[in-house]
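I have placed the structure first, in the form of structure tokens, so that the comments after it can refer back to it.
The sequence lines fix the lettering, A, B, ..., with proteins before strands; numbering per chain opens at 1. On a predicted model such as this, the values are computed, not experimentally measured, just so you know.
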Protein chains: 2
Amino acid sequence: MNIRDVAQRAGVSISTVSRVLNDTGYPVKPETRQRVLEAVEELGFRPNDLARGLHLKRTRTVGLVIPDITNPYYPELALGVEATASGEGYSVIFCNTNRRAEKLEHYVDVLLQKRADGIIIAGGGTDFSPVSQVLSDFDIEAAVIGRHNLPFPSVQIDNVGAAYEATSHLVELGHERIAFISGPLSLTSVQDRLNGYREALRRRGIERDDRLVREGDFQPESGYSAARSLLQGSVRPTAIFAANDRMAIGAMAAAFDLGMEVPEEVSIVGFDDITMASYVRPALTTVSLPGYEMGASAMRLILKLISGKECPRVTWLPAELVVRDSSGPPPRSDGSPIRKGGVEDKI
Amino acid sequence: MNIRDVAQRAGVSISTVSRVLNDTGYPVKPETRQRVLEAVEELGFRPNDLARGLHLKRTRTVGLVIPDITNPYYPELALGVEATASGEGYSVIFCNTNRRAEKLEHYVDVLLQKRADGIIIAGGGTDFSPVSQVLSDFDIEAAVIGRHNLPFPSVQIDNVGAAYEATSHLVELGHERIAFISGPLSLTSVQDRLNGYREALRRRGIERDDRLVREGDFQPESGYSAARSLLQGSVRPTAIFAANDRMAIGAMAAAFDLGMEVPEEVSIVGFDDITMASYVRPALTTVSLPGYEMGASAMRLILKLISGKECPRVTWLPAELVVRDSSGPPPRSDGSPIRKGGVEDKI
DNA sequence: AGCTTTTCAGAAAAGCTTTTCTACATTCTA
DNA sequence: TAGAATGTAGAAAAGCTTTTCTGAAAAGCT
């Protein structure tokens with residue numbers, strides 16, 4: 001079942017069928033066109049994209065490389081990529097790396113072999129240098145999300161600023177012992193968040209205490225155990241800022257399990273603003289990231305690059321602190337919590 | 001940069017390069033092989049999968065069709081598909097439908113044109129008949145997840161049984177007014193869960209009250225508003241069973257916002273066992289689905305079909321009720337809650 | 001040494017599409 | 001009416017790989 005069968009059935013040549021299907025070349029005579037269309041319909045012909053791509057040297061396919069689709073921030077992003085890709089007739093190949101360098105390299109090879117037109121790399125953490133060399137050598141456009149210092153256009157949020165703001169929010173509430181649960185420190189985005197946190201403390205004249213910094217892995221369990229150990233430790237923090245919402249929610253669970261009230265006894269702030277952040281109780285104060293939009297922007301970047309247009313080296317997208325109920329003033333120095341009054345009191 | 005360049009550089013013929021690369025045909029003499037491999041290395045040659053697929057008539061590509069990647073149950077499933085696919089050298093094209101029939105049809109066309117070897121359709125809800133006709137007409141293997149009554153092998157869990165079990169759990173705790181927040185009723189899986197719920201009530205001699213059944217859309221917001229209206233309604237339930245965890249967590253938030261204790265005043269049970277179900281407080285009692293395994297099984301099914309092996313029409317996977325802290329006995333008839341004692345009391 | 005068998009390599013076709021170039025009708029112009 | 005211009009169609013090449021078939025060289029046998 002190929003274009004030849006269609007041509008035969010319509011009593012025209014292969015070229016004519018192709019011209020009808022692609023609306024290319026000179027305009028085909030209406031009745032001929034009609035015959036072709038009918039033949040296509042009757043035979044249920046689907047042009048072979050392999051042969052097409054082979055000839056045209058583009059496949060309308062992009063790869064989306066993601067560290068961990070299980071982290072609810074990434075599906076959002078993937079959706080942004082998929083929606084704008086499919087809106088432009090592109091398909092996306094889903095590549096999950098589990099933050100393993102070899103899986104990244106594997107997928108780069110795969111995408112190169114499949115002659116993908118573009119590749120979007122989200123997150124990161126793994127060493128990029130070998131990969132970026134390869135990508136530059138081949139005819140494939142690349143964009144990265146959430147990473148800078150790379151030879152590709154990127155979509156970014158201001159991690160330093162956002163972490164600074166979140167930390168400042170806590171300082172302004174009166175907190176002085178503010179813990180930070182980071183993600184994997186190998187990630188530049190995590191380093192940036194850590195720097196923002198430290199900078200906020202420094203500017204407010206709060207002495208840095210590295211016993212209050214723990215390295216997590218973005219999984220809720222790591223937030224849980226870090227918070228548990230912080231809250232039972234010798235320098236008990238009155239607030240915890242976690243580098244993502246899943247760890248923050250883990251931290252909330254730890255506080256709960258230790259019988260501590262949030263935010264009366266510990267404030268907790270997250271990062272990402274995943275859907276669940278709004279539905280957890282108390283609702284999580286967090287930094288809201290435009291996940292969908294980041295994916296969509298990256299895909300738009302790729303589309304531009306493919307069509308040979310200029311495109312900005314860095315696209316900055318806004319992150320915004322959204323204050324909900326998990327952050328409040330610290331307990332008084334005697335340790336007694338300041339209770340909130342108002343609408344959310346028990347009936 | 002193609003196989004011809006490699007052949008030239010290695011001083012051999014194209015055929016020999018192909019044989020070396022694919023380990024096919026007769027064994028190539030070691031030194032010739034060495035020369036070819038060196039040439040490949042030096043030139044950074046990547047065989048063109050389009051040309052390959054064109055000839056071989058298989059692409060080592062499968063499509064994964066998902067209703068809503070934003071629902072945390074699906075990333076799990078996608079991961080299962082991706083991991084087993086990539087383990088066998090397959091790539092997966094990510095297709096998000098938003099439960100729209102036309103997007104499903106669009107993606108089927110795309111996959112057909114790309115000559116994907118297989119297609120995995122998860123969830124569903126949209127009418128399948130046009131699509132299943134097309135799929136049978138073409139040379140593509142198909143498997144479905146979470147749907148039966150379809151002319152393709154499927155991976156299933158026993159939705160009726162699982163909902164029955166969850167409801168029974170609540171009945172056994174002493175609940176009689178048990179509400180059900182469903183997903184979209186067009187989904188067979190949702191109908192099954194509803195039937196399981198009803199069957200459990202029937203068997204226990206509890207009269208069915210359809211005022212306690214609300215149709216949600218699997219989003220937390222719908223769980224929140226359904227629960228809110230139920231808990232403020234005239235026939236206030238003592239327990240709520242939601243058709244997925246996101247709605248259950250929404251329901252928990254509603255209870256909290258109404259100043260009601262979970263589980264002392266309302267028990268809440270979910271479905272899916274997403275990661276957050278364990279970290280929400282109180283931890284959510286829910287039906288645990290093997291999301292990853294369902295994805296992996298479906299992919300294995302496809303692999304079997306591709307290699308021409310027989311494969312079971314239906315693969316049943318176990319769902320299991322996991323009882324956590326969001327379900328307990330109903331409040332006494334005077335309305336006063338039964339409080340739990342023990343480890344979770346405040347320090 | 002002369003023959004058969006084995007080992008290894010290359011030529012060429014096939015797989016399906018797009019596109020350029022050639023060619024035939026038809027219509028218009030002088 | 002002869003010729004040019006225009007409109008429409010087909011033939012064929014190119015894009016890259018796999019695989020079959022043919023063939024040459026090396027090895028084995030009597």
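Within the 4.0 Å cut-off from OP1 or OP2 of dT8(D), not a single side-chain nitrogen or oxygen of T16(A) is found. Here T32(A) reaches the OP1 or OP2 of dA9(D): one of its side-chain N or O atoms lies under 4.0 Å away. For the pair N2(B) and dG15(D), the criterion of a side-chain N or O lying under 4.0 Å from OP1 or OP2 is not met. Close to dC16(D), at under 4.0 Å from its OP1 or OP2, lies a side-chain N or O of K57(A). One finds no side-chain N or O of S13(B) lying less than 4.0 angstrom from the OP1 or OP2 phosphate oxygen of dA9(C). Phosphate proximity of dA26(D) to K29(B): absent, as no side-chain N or O sits under 4.0 Å from OP1 or OP2.
Ionic pairing of E41(B) and R9(B) is not present here: no N-O contact between side-chain nitrogen and carboxylate oxygen is shorter than 4.0 angstrom. Taking the charged nitrogens against the carboxylate oxygens, D139(B) and R58(B) have no contact shorter than 4.0 Å, which rules out a salt bridge.
Not a single donor-acceptor contact under 3.5 angstrom links the side-chain atoms of R4(B) to the base of dG15(D). At a cut-off of 3.5 angstrom, the base of dG15(C) holds no donor-acceptor pair with the side chain of R115(B).
Using a 4.0 Å heavy-atom cutoff across all strands shown, S15(B) reaches at least one base atom of the nucleic acid.
For the pair I119(B) and F152(B), the minimum side-chain heavy-atom distance is 4.5 Å or more. You'll find the side chain of M1(B) stays beyond 4.5 Å of the side chain of D137(A), heavy atoms only. In this structure, the side chains of L54(A) and N48(B) come closer than 4.5 Å at one or more pairs of heavy atoms.
Side-chain contact annotation: S18(B) with S15(B), donor-acceptor N/O pair under 3.5 Å absent. For the residue pair D109(A) / Q113(A), no side-chain donor-acceptor distance below 3.5 Å is found, with atom types taken as modelled.
Within residues 46-54 of chain B, the residues approaching DNA chain D are P47(B), N48(B), A51(B), R52(B), by heavy-atom distance under 4.0 Å.
Ranked by how close their nearest DNA chain D nucleotide is to the 5' end, R19(A) and M1(B) are led by R19(A).
With rounding to whole Å, I14(B) atom CD1 is found 15 Å from dG15(C) atom C1'. One can place NE2 of H55(B) at 16 Å from P of dT17(C), the figure rounded to the nearest angstrom. Separating the CG atom of D5(B) from the C1' atom of dT17(D) is a distance of 13 Å, rounded to the nearest angstrom. Here the P atom of nucleotide dC16(D) and the CG atom of L112(A) are 14 Å apart, to the nearest Å.
The L56(B) side chain lies nearest to dT18(D) when the options are dT18(D), dT18(C), dA9(D).
Remark: DNA chain D takes part in the stems C:1-30 with D:1-30, each of 3 or more antiparallel Watson-Crick or G-U pairs, criterion distances under 3.5 Å.
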